[in-house]
Amino acid sequence: MEHPIPKNKTTEIISGAEAVVRALLEEGANLAYGYPGGAIMPIYDELYKYQDQLNHVLTRHEQGAIHAAQGFARVSGKVGVCLATSGPGATNLVTGIADAQIDSTPLVCITGQVASHLLGTDAFQETDVISISAPVTKWNVQVTKAEEIPAAIAKAFYIAKSGRPGPVLIDITKDAQLGQLEYNYEKCTGVRSYEPIPKTSEEAVKAAAELINSAKKPFVIFGQGVILGQAEAAFKAFVEKSGAPAAWTVLGLSALPTDHPLNVGMVGMHGHYGPNKLTNECDVLIAVGMRFDDRVTGSLHTYAKQAKVVHFEIDPAEVDKNVKANVAVLGDCKTSLEMLLPYIDTNNHDAWHNEFKKYHEEELKAVIEPQLKPTKEGLTMGEVINQVNKETNGNAVVVSDVGQHQMFTVRYANFTTTRSNVTSGGLGTMGFALPAAIGAKMGAPEREVVAFIGDGGYQMTCQELGTILQTGAAVKIVVLNNEFLGMVRQWQQLFFDKRYASTTMINPDFIKLAEAYDIKAAKVVKREDLAAAVKEMIASKESYFLEVMIEKEDNVFPMVPTGACVSEVRLS
């Protein structure tokens, strides 16, 4: 039976559990992922009553729930919601919370907890999830009284989505869920001493423009901050007006179309040759919404020492943390870029851009063409991803797990639309892709969602095929199977004299496994069968599983060895 939310402000006496559900609906959250248990059962009882208004997706593991919430948040731009019970239910969320924290994904996680009089007694399924999650949440709180619930949830949503987004956790004791309160909900519009968006300085903007306009070899690196700040249009206008070559971080991918003439590729450990080589030749380095992660910079002792650095950043803690900025422009990057545009000279840097093109031609012959047009018998990951590009025209949401296939995916997938690349960036969580793809499909049901997963990571969360069975989420799953933990094996080959310690995989019959969950499945072993199989998968209106057997010792290049200078990037 539907329970409409009262439109007036008169108070009602309701339970804490009902207040949780009402508050979620007040915040526009009509979808949540989770797994029930004893300490959160009162909330689930209320979810049952409100199921016409709030769709709860039962995943097969709490880690699946939080990764699904991440996928939903990443493509929709909304706050993802997940629920779990106390003890192991709550601790099973921690990996996903840490993943969301480092990748700036807005989540509200609600966990049940033992009754307040049992706190600290080592009661059944009691865990101090507040202490456990404190280092990996943007904010967390334990609620022990029913009347505290509405304000806690309002604050949680505000903190999760404001400024630099992130995950929050609310731990609610069972007696607070069962208790009564006078319900009256007010959205949170501010928190004392919390300034989510620093004010952008006009002087800093002018100083940045002066450096950019005077540059002979400007180089832009853009990260996910462009996407989170909804600054794609302003960023594109800035790049085109300044004429500066622009390269992306893994999470910045899709903020600028991959075929844009000023998009020169990816920076970092497995980034493109030119952007890595020329980082140490630019005279002005313009960082927009990125945090100079170690996978981007390589050795900090040699990173862009010749360049003046301009850093556009919303989080003051990221400025000067790894790379010293000559000019720091704090604030929301949409606002700061729009302020910058009038001060930027219309320019082109054709000679400088041609240097990127020369390196690209070298990489094309040494690395890209052997991937996309291989002469060896075994299939390559690059050609599989490229075949999906052809069928989707770069319009799909692409979700990747972690490992070799992830780096192949972010290198070879094409994107025309923002919020299309979903992967675990900072934490590198194997098992991320399958549940995240389910959430992504629910966040953008009108879009094709394709998940590229390695045979290792797939088996960490493959039980979420049961979530697809129960929900009918039309996710397309591509397992790139090289019967290895591919990235670890590559390092063992290059740096440990081919001692393949614990990286060989003996896998189950993935086709039978998919079919057991009523998912149509196919397997490709020969190149001549690839195009037809991919075409059939993309044409399917339902979920589809495609296993592709890949060359066992195919490596992802270019590569910057750990601790090396980015200009020491290797093509082989």
Side-chain angles (χ1 to χ4, degrees), residues 212 215-223 226 235-236 238-240 242-288 290 292-300 302-310 323 347-373 382 385-386 389 407-415 421 555-561 564-572:
I212 294 165
K216 303 299 182 186
K217 294 183 176 182
F219 181 38
V220 179
I221 301 178
F222 61 97
V226 176
F235 177 73
K236 181 171 177 283
F238 159 66
V239 169
E240 290 175 346
S242 69
W248 35 268
T249 68
V250 165
L251 294 185
L253 177 57
S254 85
L256 187 70
T258 45
D259 64 355
H260 191 283
L262 289 170
N263 189 336
V264 294
M266 182 172 76
V267 290
M269 179 171 282
H270 292 288
H272 290 90
Y273 200 41
N276 277 319
K277 280 282 191 183
L278 295 173
T279 293
N280 283 359
E281 293 186 28
C282 68
D283 57 0
V284 176
L285 179 60
I286 306 130
V288 184
M290 55 85 73
F292 290 110
D293 172 73
D294 66 293
R295 283 297 195 261
V296 166
T297 65
S299 170
L300 285 170
T302 56
Y303 184 78
K305 293 301 181 184
Q306 79 295 336
K308 301 288 187 182
V309 176
V310 179
V323 173
N347 211 334
N348 69 66
H349 296 278
D350 290 344
W352 171 231
H353 198 80
N354 284 336
E355 293 187 41
F356 287 88
K357 290 179 180 177
K358 289 175 185 176
Y359 279 115
H360 176 71
E361 288 300 317
E362 197 174 340
E363 182 181 352
L364 188 67
K365 292 174 183 175
V367 175
I368 297 173
E369 286 181 353
Q371 271 292 317
L372 302 186
K373 300 174 182 178
I385 294 159
N386 193 48
N389 287 337
M407 293 296 100
F408 276 113
T409 300
V410 295
R411 281 180 52 79
Y412 291 99
N414 292 335
F415 295 99
N421 170 50
N555 291 330
V556 57
F557 284 105
M559 181 178 184
V560 180
C565 174
V566 287
S567 58
E568 295 174 325
V569 58
R570 295 169 49 173
L571 284 174
S572 62

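Reckoned from all heavy atoms, side chains included, excluding hydrogens, waters and symmetry mates. Here, residue 1 is the first one in the sequence, and each next residue gets the next number.
Within the 3.5 Å criterion, the main-chain N or O of G243 finds no donor-acceptor partner in the side chain of H353. Judged by distance alone, the side chain of N280 and the main-chain N or O of Y303 form no donor-acceptor pair under 3.5 Å. A donor-acceptor pair under 3.5 Å links the side-chain atoms of N421 to the main chain of V250, judged by distance alone. The backbone N or O of L300 sits nowhere less than 3.5 Å from a side-chain atom of T297 that would complete a donor-acceptor pair.
Taking the side chain as every heavy atom from C-beta outward, H349 and K217 never approach each other to under 4.5 Å. Counting only heavy atoms from C-beta outward, the side chains of T249 and D293 never approach each other to under 4.5 Å. D259 has its side chain out of reach of N414: every pair of non-hydrogen atoms, C-beta onward, lies at least 4.5 Å apart. With contacts defined as side-chain heavy-atom distances shorter than 4.5 Å, the pair Y359/V264 does not qualify. A 4.5 Å side-chain heavy-atom check between W248 and P275 finds every atom pair outside the cut-off. Residues F222 and V239 fail the side-chain proximity criterion, which asks for heavy atoms closer than 4.5 Å. Between H260 and E240 there is a side-chain heavy-atom pair separated by less than 4.5 Å.
Salt bridge annotation for R411-E363: present, with a cationic side-chain nitrogen under 4.0 angstrom from a carboxylate oxygen.
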Discussion item. Working note: K277 + E281, criterion salt bridge (Lys or Arg N to Asp or Glu O under 4.0 Å); need CA distance, chi angles, decisive distance, verdict.
Written reply: CA-CA 8 Å; K277 280 282 191 183; E281 293 186 28; over 6 Å; no
Item to complete: Just do the side chain to side chain contact (heavy atoms under 4.5 Å, CB included) check on V220 and F238 with the steps written out, would you?
Response: CA-CA 10 Å; V220 179; F238 159 66; 4.0 Å; yes
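Annotation: K308, atom NZ; neighbour count of heavy atoms from other residues, nucleotides and ligands within 6.0 Å does not exceed 12.
Heavy atoms only, all atoms of each residue included: C565 and S299 are closest at N-CB, 4.2 Å.
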